[in-house]
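Data first, discussion second: the structure below is written as structure tokens.
Atoms within a ligand are numbered from 1 in the order they appear, just like the ligands themselves. Just so you know, residue 1 is the first one in the sequence shown, and it goes up from there.
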Amino acid sequence: MMFATLNGATLHYRFRAGQGRAVVFLNSLGTDFRIWDAVIDQLPAETPVLCIDKRGHGLSDGNDITMPNLVGDVAALMDHTGLTSALVCGVSVGGLIAQGLATTRPDLVSGLVLCCTGAKIGDAAMWNTRISAVQTDGIGAMAPAILERWFSAQFRAEQPTALAIYRNMLARTTANGYAAVCATLRDTDSTAATRTITVPTHCIAGSADLSTPPDLVRALSALIQGATFEVIADCGHLPCIEAPKTVAQAINAVHKRIQ
Ligand SMILES: O=C(O)CC1=CCC(=O)O1
């Protein structure tokens, strides 16, 4: 197990040293870094990899959850593991954190793969409703509705065992950590800053994603100079689980575009 106290929090991470360009993976609301396992399996074995449980998720601390701290944690862990630059691949709020890192610490980001994310996700009313529900009823009560947003109907029908595992991952997230990341999502709009990103970027949407539908991801790609965009058919909000080969191919393709 790998952990470090940095930037005011103890963070759980996984680092695989190697050769060549590194990849940093940033996960979504209600998940931990195990969601990237199948993508990492598809990458060359020598690719250096850093995965992070963001604050309030997995085994990391849950204090002081703000977007600047979530971004600062990634920068601190890259410094800690000796990564001076990496391709950053983020899903959903992880994609917002990736945009934040690219705009505040551009020295650390050589390319981006942005999965099922936007420059702004949802609106204040939606996040406030979600925060009240998690505080009143708990994540377990909300899990069935959230899993419908995360996974395509086909995945839910064909993979009941995997669905149960990801339900457990979601339900074991602390209510406070989950609600604090919802508040961060409510309060974050990176549209202006994201327009300044110039590194090679590929944006991925899922045709069956109910949380960040393809139009939102397409609008994100339009903000970033030279960004490419694809929609994965019959895929929900987590392509790293439903379409890991496509995500790995995107990472390899962006690696080739980096000077
Ligand atoms: O729970 C959802 O609706 C999906 C989601 C939105 C932001 C995020 O990180 O996950």
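Heavy atoms of S211 found under 4.0 angstrom from ligand 1 belong exclusively to the side chain.
At a 3.5 angstrom cut-off on N or O pairs, R130 counts as close to ligand 1. Considering backbone and side-chain N/O atoms, S28 never comes within less than 3.5 Å of an N/O atom of ligand 1. For ligand 1, none of its N or O atoms has an N or O atom of I121 under 3.5 Å away.
For ligand 1 and L185, the ligand atoms under 4.0 Å from any heavy atom of the residue are 7 (C). Near L29, with a cut-off below 4.0 Å to any heavy atom, the atoms of ligand 1 are 8 (C), 9 (O), 10 (O). Atoms of ligand 1 lying under 4.0 Å from at least one heavy atom of V93, given by number and element, are 8 (C), 9 (O). Near W127, meaning under 4.0 Å from one of its heavy atoms, ligand 1 places the atoms 6 (C), 7 (C). Every atom of ligand 1 with a heavy atom of R149 under 4.0 Å away is listed here by number and element: 3 (O).
Residues V39 and F25 are in side-chain contact: their nearest non-hydrogen atoms beyond the backbone lie under 4.5 Å apart.
Side-chain atoms of N176 and T174 include no donor-acceptor pair closer than 3.5 Å. Donor-acceptor pairing under 3.5 Å is lacking for the side chains of S132 and T136.
Using the six-membered ring where Trp is involved, H80 and Y13 have ring planes that are perpendicular, over 60° apart on the 30 and 60° scheme.
Between atom CZ of residue R21 and atom CD1 of residue I251 there is a gap of 14.0 Å, rounded to the nearest 0.5 Å. D234 CG to Q154 CD: the interatomic distance, rounded to the nearest 0.5 Å, is 5.5 Å.
Closest protein heavy atom to atom 7 (C) of ligand 1: S92 OG, 2.9 Å.
No chain of hydrophobic side-chain contacts below 4.5 Å, direct or via other Ile, Leu, Val, Met, Phe, Trp or Tyr residues, connects L59 to I165.
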